[in-house]
Amino acid sequence: MAKEPVRILVTGAAGQIGYALVPMIARGVVLGADQPVILHMLDIPPAADALNGVKMELVDAAFPLLKGVIATTDVVEACTGVNIAIMVGGFPRKEGMERKDVMSKNVSIYKSQASALEKHAAANCKVVVVANPANTNALILKEFAPSIPEKNITCLTRLDHNRALGQISERLNVQVCDVKNVIIWGNHSSTQYPDVSHATVKTPSGGKPVPVLVADDAWLKGEFISTVQQRGAAIIKARKLSSALSAASSACDHIRDWVLGTPEGTWVSMGVYSDGSYNVPAGLIYSFPVTCRNGEWKIVQGLSIDEFSRKKLDLTAEELTEEKALAYSCLS
């Protein structure tokens, strides 16, 4: 029997990431080749014509799984009945802007979208926030959508996770699918901590630890970390545009693993609501290693944290605590 369509919201759908993301969703990259979808696309009124153009292209592509497209500038229409919400739209930092100005704009956007999801989304709607500052935008959304369970509000750090996998794969000249269990701790910002101390590579004689195979502690604690942290800026410098294709692909990975589950023995990185694990302050949206099963994520427990890692975990937590205070000051 054919499955009921899943309604997936993409905000900022006329933008670069949205344009890369919606065909992936329509092709079944997110929920599988047997799951029909109805796309809800939201953007701001000045982007209405571009949004309609994206809708026309989706129709023209004749995706068999795509059972409907709603393209709108009305937040209530966009949020009505959605099962999954991918929050790509946000206010980017522009030259000369203070952090507080950016935060204030995003607080306003996420307050309004959270209220619409709260009132009109389907029960048990899953949310992933992509727009920066992603962790704190997700926290604001959680504040103003109290009936959405906190475990259903996440932010995207899978892009950083995938970047870390890519760097190790290139360094060791191995297939990226043979590298697993890197971790992104903390904020989706330049304070994030890409950690490979528990990562392994599949070899003919079994899994081998990444630090042993790389055998270069200085690179792992220096250039590797800064490359992953600064990768977005490097792409902007090269493309003169921000990373869209990789961000869209990572958002698909995030949702697919969350809904369909992670492979046995493999964890991924997700920005989730901290319960105090690893001495991270509770009440932050913080990136942890997680496993997923039956549509639920669970923080991987019991990993050893050395002194170097501890400092990195604490540093990014401090930045998130400051961001949270800044965001809440914009509410008053």
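When a residue number appears, it is its place in the shown sequence, counting from 1. Since the structure is predicted, the reported quantities are computational estimates derived from the model, not experimental observations. These values consider heavy atoms only, across backbone and side chains, with no hydrogens, waters or symmetry-generated copies.
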Working to the nearest 0.5 Å, report the span between [atom1] of [X] and [atom2] of [Y].
| X | Y | atom1 | atom2 | value |
| --- | --- | --- | --- | --- |
| Ile225 | Trp219 | CD1 | CH2 | 10.0 Å |
| Thr191 | Leu315 | OG1 | CG | 6.0 Å |
| Gln113 | Asn137 | CD | CG | 9.5 Å |

* Asked: Where does the angle between the aromatic ring planes of Trp258 and His254 fall among parallel (under 30°), tilted (30 to 60°) and perpendicular (over 60°)?
  ->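 Rings of Trp258 and His254: perpendicular, as their planes differ by over 60°.
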* **Modelled atom types, side-chain donor and acceptor of Ser250 and Asp253, under 3.5 Å** =>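 No, because no side-chain N or O of Ser250 sits under 3.5 Å from a partner of the opposite role on Asp253.
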Test applied, side chain to side chain contact (heavy atoms under 4.5 Å, CB included); reference residue, [X]; option that passes from [options]:
| X | options | value |
| --- | --- | --- |
| Ile84 | Val10, Leu31, Val127 | Leu31 |
| Ile86 | Ile17, Val30, Leu9, Leu21 | Leu21 |
| His198 | Ser304, Pro211, Pro209, Pro289 | Ser304 |

* Partners of Asp43 by salt bridge (charged side-chain N to carboxylate O under 4.0 Å, His left out), sequence neighbours excluded? ->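 Applying salt bridge (charged side-chain N to carboxylate O under 4.0 Å, His left out) to Asp43 gives none.
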For residues 53-69, dump all side-chain donor-acceptor pairs below 3.5 Å to protein atoms at least two apart in sequence or in another chain.
unit_1 : atom_1 : unit_2 : atom_2 : d
Glu57  : OE1    : Tyr19  : OH     : 3.4
Glu57  : OE2    : Tyr19  : OH     : 2.8
Lys67  : NZ     : Pro64  : O      : 3.1

* To do: Identify, with sequence neighbours excluded, every residue that meets side-chain hydrogen bond (donor to acceptor under 3.5 Å, both in side chains) alongside Glu118.
  =>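 Scan of Glu118 (side-chain hydrogen bond (donor to acceptor under 3.5 Å, both in side chains), adjacent residues dropped) gives Ser147.
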For the pair [X] and [Y], find out whether any cationic side-chain nitrogen is under 4.0 Å from an anionic carboxylate oxygen.
| X | Y | value |
| --- | --- | --- |
| Arg158 | Asp257 | yes |
| Asp314 | Lys311 | no |
| Lys105 | Asp101 | no |

